[in-house]
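Just below is one structure, and these are the notes that go with it.
Computed from a prediction, not measured in an experiment: that's the story for all the values here.
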Amino acid sequence: QVQLVESGGGLVQAGGSLRLSCAASGRTFSSYALGWFRQAPGKEREFVATITLSGRNTYYADSVKGRFTISRDNAKNTVYLQMNSLKVEDTAVYYCAARGGSGYHTDHNDYAYWGQGTQVTVSS
């Protein structure tokens, strides 16, 4: 089992940057594939990015490709989401999630463990 705690959200102007962090408990962090999702008011939770066990492979939603970068530090039990060139439409609560096993998973139903979320607000 793993517990996840996000941080790093806040208010930023369009075009700005933020880096989200997600710290995980547990000794088997490297055995979990990780993902970032987001949910805006009145909308479904949507996939943002995912990273494989080793961190060598990543996959992004088209809406964030080229602007966001997911990475992980298995020694620190932490996954990051670097968000650049932020847009107003990126405003949402951002969640990190973990699932055992390898591969890419973009469906939030595939993830067993979730953080509490961190708010990102992008102003125009």
Axial cation check for Tyr60 ring with Arg67, 6.0 Å and 45° limits: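 No cation-pi geometry.
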
Hey, any chance [X] and [Y] share a hydrophobic cluster, counting ILVMFWY side chains that come within less than 4.5 Å of each other, even indirectly?
X     : Y     : result
Val93 : Val12 : no
Leu11 : Phe68 : no
Tyr95 : Leu20 : no
Phe47 : Ile51 : no

Taking the side chain as every heavy atom from C-beta outward, state whether [X] and [Y] have any pair of such atoms under 4.5 Å apart.
X      : Y     : value
Val2   : Thr28 : no
Leu18  : Leu86 : yes
Gln116 : Glu6  : yes
Ser63  : Arg38 : yes
Lys76  : Phe29 : no

SB check Asp62 Lys65 (cutoff 4.0 Å):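 Answer for the salt bridge query: yes.
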
More than 12 heavy atoms from other groups under 6.0 Å of OH on Tyr113: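 Yes.
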
Within 6.0 Å of CD in Gln3, more than 12 heavy atoms from elsewhere: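 Incorrect, the count does not exceed 12.
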
Separation between CE of Met83 and CH2 of Trp36, rounded to the nearest 0.5 Å: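 Rounded to the nearest 0.5 Å, the CE-CH2 separation comes out at 8.0 Å.
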
Pair Thr91, Glu89: side-chain N/O donor-acceptor within cut-off below 3.5 Å: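 Looking only at side-chain atoms, Glu89 and Thr91 do not form any donor-acceptor pair under 3.5 Å.
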
Residue list, ring pair (Phe, Tyr, Trp, His ring centres under 6.0 Å) with Tyr111, at least two apart or on another chain: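 If we apply the ring pair (Phe, Tyr, Trp, His ring centres under 6.0 Å) test to Tyr111, skipping adjacent residues, the hits are Phe37.
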
Step-by-step side chain to side chain contact (heavy atoms under 4.5 Å, CB included) determination, Tyr80 to Arg19: CA-CA 7 Å; Tyr80 304 97; Arg19 188 174 85 152; 3.7 Å; yes

Asp73/Thr78 under side-chain hydrogen bond (donor to acceptor under 3.5 Å, both in side chains): CA gap, chis, key distance, verdict: CA-CA 5 Å; Asp73 186 336; Thr78 303; over 6 Å; no

Working for side chain to side chain contact (heavy atoms under 4.5 Å, CB included), residues Tyr59 and His105: CA-CA 9 Å; Tyr59 185 74; His105 296 274; over 6 Å; no

